Amino acid sequence: MSNAVTERKQAKRTRLPAMRRSQIHLAVHRYENSVYYRRIDPEAYRLLSALQSGTLLGQSLEIAFSESTFPAEQQAAKIQEYFAHASELGWFCKPPPKLAS
């Protein structure tokens, strides 16, 4: 009988450091039958969520930056960045026509 099984050295398991939990914001979209995702700023998430729910643009911008620490000039640059990226990915589209009642 062989003792090979009992003599096998146990593989040492290295423990990974504990990860800190943190809230992340993701935008998930489909393009040509593939799913993509991207981490986005909390402000971008609030902006896109407000627009998706039908909130007017001005109100959506207020919601997006209500908890932000960005100074006004940086907010303007961020807004430009958010809209450029969303437009580039085709996230804005014409809403469907309303049905007559």
Side-chain angles (χ1 to χ4, degrees):
M1 252 196 195
S2 172
N3 289 337
V5 174
T6 58
E7 292 177 6
R8 248 190 238 165
K9 291 185 179 179
Q10 293 292 327
K12 291 186 179 180
R13 292 185 180 236
T14 55
R15 287 194 168 250
L16 297 175
M19 295 179 63
R20 283 188 321 139
R21 284 185 173 219
S22 63
Q23 189 173 32
I24 61 168
H25 298 86
L26 293 177
V28 180
H29 66 104
R30 245 189 340 234
Y31 179 72
E32 293 183 356
N33 295 323
S34 293
V35 176
Y36 297 90
Y37 68 93
R38 174 188 171 128
R39 279 188 181 205
I40 57 175
D41 295 341
E43 293 83 2
Y45 179 83
R46 287 192 295 269
L47 174 63
L48 292 170
S49 294
L51 291 171
Q52 182 182 30
S53 70
T55 304
L56 297 175
L57 179 59
Q59 292 172 327
S60 296
L61 290 169
E62 287 179 17
I63 291 167
F65 290 96
S66 62
E67 300 173 28
S68 179
T69 57
F70 291 134
E73 52 280 343
Q74 196 173 4
Q75 287 181 13
K78 286 291 189 180
I79 292 167
Q80 195 171 26
E81 176 188 323
Y82 300 154
F83 276 95
H85 183 257
S87 296
E88 186 179 302
L89 293 174
W91 290 352
F92 297 125
C93 58
K94 185 177 178 180
K98 292 186 179 181
L99 298 175
S101 19

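Being a predicted model, the structure only gives us computed values, none of them experimental.
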Same apolar cluster (I L V M F W Y, side chains within < 4.5 Å links), Val35/Ile24: yes
Parallel, tilted or perpendicular: ring planes of Trp91 versus His29, cut at 30 and 60 degrees: perpendicular
Side-chain (Glu43) to main-chain (Ala64) donor-acceptor, under 3.5 angstrom: no
Arg46 to Ile63 - nearest heavy-atom pair and separation: NE-O, 3.5 Å
Point-to-point distance, once rounded to the nearest 0.5 Å, from CZ of Phe83 to NZ of Lys78: 14.5 Å
Residue that, paired with Leu47, satisfies side-chain contact (heavy atoms from CB on, under 4.5 Å) out of Ile40, Asp41, Leu61: Leu61
Pairwise side-chain contact, Glu73 with Pro71, heavy-atom cut-off 4.5 Å (strictly under): yes
Sidechain-backbone polar pair: Ser53 side chain, Ala50 backbone, donor-acceptor under 3.5 Å: yes
Parallel, tilted or perpendicular: ring planes of Tyr45 versus His25, cut at 30 and 60 degrees: tilted
Heavy-atom closest pair, residues Phe65 and Gln75: CD2-CG, 3.5 Å
Separation of Leu51 CG from Leu57 CG (nearest 0.5 Å): 6.0 Å
Joint hydrophobic cluster, Leu26 plus Tyr36, side-chain heavy atoms closer than 4.5 Å: no
Pair Leu89-Tyr31, side-chain contact (heavy atoms from CB on, under 4.5 Å): steps then yes or no: CA-CA 9 Å; Leu89 293 174; Tyr31 179 72; over 6 Å; no
Residue pair Thr55 / Ser60: nearest heavy atoms and the distance that separates them: O-OG, 3.3 Å
Crowding at CZ, Phe92 (>12 non-hydrogen neighbours, <6.0 Å): yes
